[in-house]
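A quick note: this is a predicted structure, and the numbers were derived from the prediction, not measured. Whatever order the structure lists ligands and atoms in, that order sets their numbers, starting from 1.
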Amino acid sequence: MRVSTSFASSLTAAALASVMLVACGSQSSTEQASAPAPAIASIVNIVPAPNANAFITGTLDVSDGVTIIGRDQSVAAQMLTETFTTTGDILVTLQGDTSLTPESYRLVIDDAITISAADDTGLLYGAQTLQQIVLQYGTSLPKTAFTDAPRYSWRGSMIDVARSFYPIDYLYAHVDRMAMFKLNKLHLHLSDDQGWRLQVPDYPRLVEVGGNSAVEGGRTGYYSSEDMRALVEYASERGVTIVPEIDLPGHTQAAIASYNDLACDGVTNLGTYSGVRVGFSKLCLTKPEVYKPFVEAVIDTMVDVFPSEFIHIGGDEIRDPLYGEFMVYASDYVASKGRSAVAWEEAGKHVMNDTSMVFQWWNDNFDLTPAIERGHRQILSPCSYTYLDHGNYAGQPNTYTWCRQDGVPLERLYSFEPADFNNVLGIEAPLWSELVHDNATADNRLWPRLMGVAELGWSVPQYRDWQSFSQRIEALQPMLDEAGVAYYPWIDAR
Ligand code: TNX
């Protein structure tokens with residue numbers, strides 16, 4: 001990932017001087033109880049906003065170059081090698097500090113630069129923040145010092161690779177883009193009625209038949225286990241966990257088309273499906289002798305290929321008297337492997353044995369309170385704020401409106417408040433792909449809205465503000481350009 005410093009000149013030394021005055025001004029005004037906290041983000045454009053007040057105390061000139069020391073094999077070090085001229089005397093040190101929490105970092109820019117963190121992800125995040133500063137200030141950096149830590153441990157992006165397949169190269173690029181904004185969970189919806197994308201060794205027809213199917217106009221394909229293992233490794237070095245989902249026991253037409261036995265006797269619809277209807281297919285839950293070996297082989301594969309603590313088992317949009325029993329069984333099976341299941345909200349209606357199971361809330365009016373009261377945690381994906389298959393604006397072509405007629409504009413997304421909910425693991429924005437068939441359309445739906453998701457997941461309410469956010473993402477737009485993102489042109493659209 002290489003980001004040019006081509007727009008560094010947009011902030012000159014004079015701008016930095018005036019910014020310092022702003023910083024000093026706000027420092028004295030903190031004595032007035034009503035004055036807003038002078039966040040670093042009001043001084044330097046950083047997304048997501050750091051959870052820290054930081055003042056600027058001068059400038060550090062790095063025009064003669066720097067020397068980077070510590071953790072030289074880390075992605076953070078590699079990234080900074082591309083950010084700076086690496087032949088000079090100013091030291092940039094990457095160092096461990098076990099007193100910091102996972103993913104957090106301390107950044108000090110003084111006569112030298114130091115990034116401290118308890119883990120490589122924290123170092124990477126410190127380096128990402130530093131890079132955003134360098135992009136704006138070039139070789140005359142504001143001296144500052146602060147410690148920054150994430151509000152939530154789940155800051156997610158979901159891509160539905162089942163309706164339309166997304167080639168592995170797109171996922172690599174997406175991991176890089178997520179890491180730029182400290183997003184850390186890439187949830188892959190790997191199966192649905194229209195397609196099956198994960199190789200399962202004992203059930204080869206899943207990808208032979210289901211891998212060759214897609215929604216009409218979408219792409220077919222599948223990922224080999226080797227493809228996925230390599231992606232998992234690459235993502236992990238960038239702080240991103242790949243969370244696999246196989247949707248069970250509904251949304252299973254691609255599996256049924258591959259292995260007809262999985263359907264109940266008498267079901268005549270046994271072929272692949274390329275429409276957009278939901279809720280019509282299911283595994284035959286009265287045939288445990290057929291579905292159990294299948295489900296266990298699928299979960300075993302997910303556990304084997306993906307080291308993620310969380311394994312998503314779907315559970316949405318199905319009516320069956322045995323549904324609750326099935327979800328308890330599948331959750332227990334995941335738990336027996338030392339992992340925790342995640343399922344869509346509907347499963348939260350049923351009493352699970354494993355209270356470490358997590359529910360993903362998606363209908364704004366669904367009440368997960370009983371499950372929360374039983375001790376479960378939730379991932380917040382309310383459709384009217386986070387469903388990125390809905391338009392960037394009302395009436396955008398090829399978008400859904402079932403959840404919100406006027407789409408999910410960025411400002412609407414940003415107005416969501418995770419702090420209003422209990423037992424929150426984090427926030428995630430799903431991109432369903434019935435109407436999103438190619439990479440460019442996906443980029444348009446994902447960006448810049450995922451920058452909003454990143455900030456809701458990382459920054460506490462005190463440091464969040466729509467005006468400030470819209471200014472900051474505008475300043476960072478060159479990062480998206482440099483990364484080749486075909487984002488929705490939100491600035492032109494204002
Ligand atoms: C509902 S959200 C679904 C998906 C569709 C999506 C379209 C959820 C758990 N299920 O199967 O793709 O709506 O917006």
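Taking the six-membered ring for Trp and the full ring otherwise, Tyr125 and Trp458 have centroids separated by under 6.0 Å.
Under the 30°/60° scheme for interplanar angles, the aromatic rings of Tyr166 and Tyr170 are found to be tilted.
The distance from ligand 1 to the heavy atoms of Trp402 drops below 4.0 Å at these ligand atoms: 7 (C), 13 (O), 14 (O). For ligand 1, the atoms sitting less than 4.0 Å from at least one non-hydrogen atom of Tyr400 are 7 (C), 14 (O), numbered in the order shown with element in parentheses.
Judged by a 6.0 Å distance limit and a 45° cone about the ring axis, Arg319 is not positioned over the six-membered ring of Tyr323. Judged by a 6.0 Å distance limit and a 45° cone about the ring axis, Arg445 is not positioned over the six-membered ring of Tyr488.
Residue Glu317 has at least one nitrogen or oxygen atom sitting less than 3.5 Å from a nitrogen or oxygen atom of ligand 1, judged on distance alone. At least one N/O-N/O distance between Arg163 and ligand 1 falls below 3.5 Å.
When Asp247, Val278, Asp389 are ranked by how near their heavy atoms come to atom 7 (C) of ligand 1, first place goes to Asp389. Checking Val276, Asp160, Thr401, Asp316 against atom 8 (C) of ligand 1, the nearest heavy atom belongs to Asp316.
Heavy atoms of His251 found under 4.0 angstrom from ligand 1 belong exclusively to the side chain.
The protein non-hydrogen atom at the shortest distance from atom 12 (O) of ligand 1 is Glu434 OE2, 2.7 Å. Atom 2 (S) of ligand 1 has its closest protein heavy atom at Tyr387 OH, 2.5 Å.
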(request) Check the pair Asp304, Lys337 against salt bridge (Lys or Arg N to Asp or Glu O under 4.0 Å), reporting the backbone distance first and the verdict last. (result) CA-CA 10 Å; Asp304 180 39; Lys337 303 288 165 184; over 6 Å; no

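With rounding to the nearest 0.5 angstrom, the NE2 atom of His189 is 6.0 Å from the CE atom of Met158.
Not close to ligand 1: Gln360, with no non-hydrogen atom less than 4.0 angstrom away.
A salt bridge does not link Arg277 with Asp193: none of the charged nitrogens is closer than 4.0 Å to a carboxylate oxygen.
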